[in-house]
S.K.: 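Below is the structure I would like to discuss, written out as structure tokens.
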Amino acid sequence: RDVERSRGLGDVYKRQNKDCGEVSASGELVGYMPKRGDFTIEYDNEAELLLAEMEFFDDDTQEEIEIKNQVMLLYNERLNDRIERKKFVIEKGLLDAKKQKQAEKKMSKEERELHSLMKPFMRFCEGDEY
């Protein structure tokens, strides 16, 4: 499942990087590096702190090993969440701040208010449906 997620994310990067000028110009504003497919500051940037000091030793008890494995599972869940959020931002075209602002300028005041209220539902929509 994790392999499918990361493979799917790579496909998103490839599609976005076809029009690299737009992505890199907007990416500078939000800290996105299109050639790396990364942000300078990731979502949940401190997730790695869970594992920073953890080590497995030969004399660890079974209970210690189970706890350390649980910590690894929690870390993987946080990474999966990071991947999903990154994929969402890229797929929805939210990296292009200029394009977003221009689209909002074209809207009436009522449309902007409605658009703002509907933003939380964006994750349930596909492509241009939103």
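Fair warning: this is a prediction, and the values are worked out from it, not measured in the lab.
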S.K.: With clusters defined by side-chain heavy atoms of hydrophobic residues (ILVMFWY) lying less than 4.5 Å apart, directly or transitively, does Tyr32 cluster with Phe88?
M.R.: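 In one cluster: yes.
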S.K.: Using salt bridge (Lys or Arg N to Asp or Glu O under 4.0 Å) as the criterion, list what pairs up with Glu48, not counting sequence neighbours.
M.R.: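 Result, salt bridge (Lys or Arg N to Asp or Glu O under 4.0 Å) vs Glu48: Arg82.
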S.K.: Excluding sequence neighbours, so at least two apart, what forms side chain to side chain donor-acceptor pair (under 3.5 Å) with Asn69?
M.R.: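 Here no residue qualifies.
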S.K.: Answer yes or no: is there a side-chain heavy-atom contact under 4.5 Å between Lys109 and Arg112?
M.R.: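 Contact flag for Lys109/Arg112 side chains = yes.
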S.K.: Could I get the full list of salt bridge (Lys or Arg N to Asp or Glu O under 4.0 Å) partners for Glu104, not counting sequence neighbours?
M.R.: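 In terms of salt bridge (Lys or Arg N to Asp or Glu O under 4.0 Å), with neighbours along the sequence ignored, Glu104 is linked to Lys119.
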S.K.: Looking at CD1 of Ile67 and CD of Gln62, how far apart are the two atoms once the value is rounded to the nearest 0.5 Å?
M.R.: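 That separation rounds to 11.0 Å.
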S.K.: Side chains of Gln70 and Glu66: does their closest heavy-atom pair fall under 4.5 Å?
M.R.: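 In short, these two side chains do not touch, never coming nearer than 4.5 Å.
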S.K.: Could you measure the distance from the CG atom of Asn80 to the CZ atom of Arg78? Nearest 0.5 Å is fine.
M.R.: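 Taking CG in Asn80 and CZ in Arg78, the distance rounds to 12.5 Å.
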S.K.: Report, one line per pair, each donor and acceptor closer than 3.5 Å where one atom sits in a side chain of residues 49-60; sequence neighbours left out.
M.R.:
unit_1, atom_1, unit_2, atom_2, d
Asp60, OD2, Phe57, N, 2.9
Asp60, OD2, Lys68, NZ, 2.8

S.K.: State which residues pass salt bridge (Lys or Arg N to Asp or Glu O under 4.0 Å) with Arg85; sequence neighbours excluded, sorted by chain then number.
M.R.: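 Checked Arg85 against salt bridge (Lys or Arg N to Asp or Glu O under 4.0 Å); matches are Asp81.
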S.K.: With hydrophobic residues grouped by side-chain heavy-atom distances under 4.5 Å, do Phe39 and Tyr43 end up in a single group?
M.R.: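 The answer is no; the residues belong to distinct hydrophobic clusters.
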S.K.: Measuring from atom CE of Met107 to atom CD of Glu113, what distance do you get when rounded to the nearest 0.5 angstrom?
M.R.: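 With rounding to 0.5 Å, CE (Met107) is 12.0 Å from CD (Glu113).
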S.K.: Test of understanding: with salt bridge (Lys or Arg N to Asp or Glu O under 4.0 Å), list the residues that count as partners of Glu42, not counting sequence neighbours.
M.R.: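 Salt bridge (Lys or Arg N to Asp or Glu O under 4.0 Å) check on Glu42 returns Lys86.
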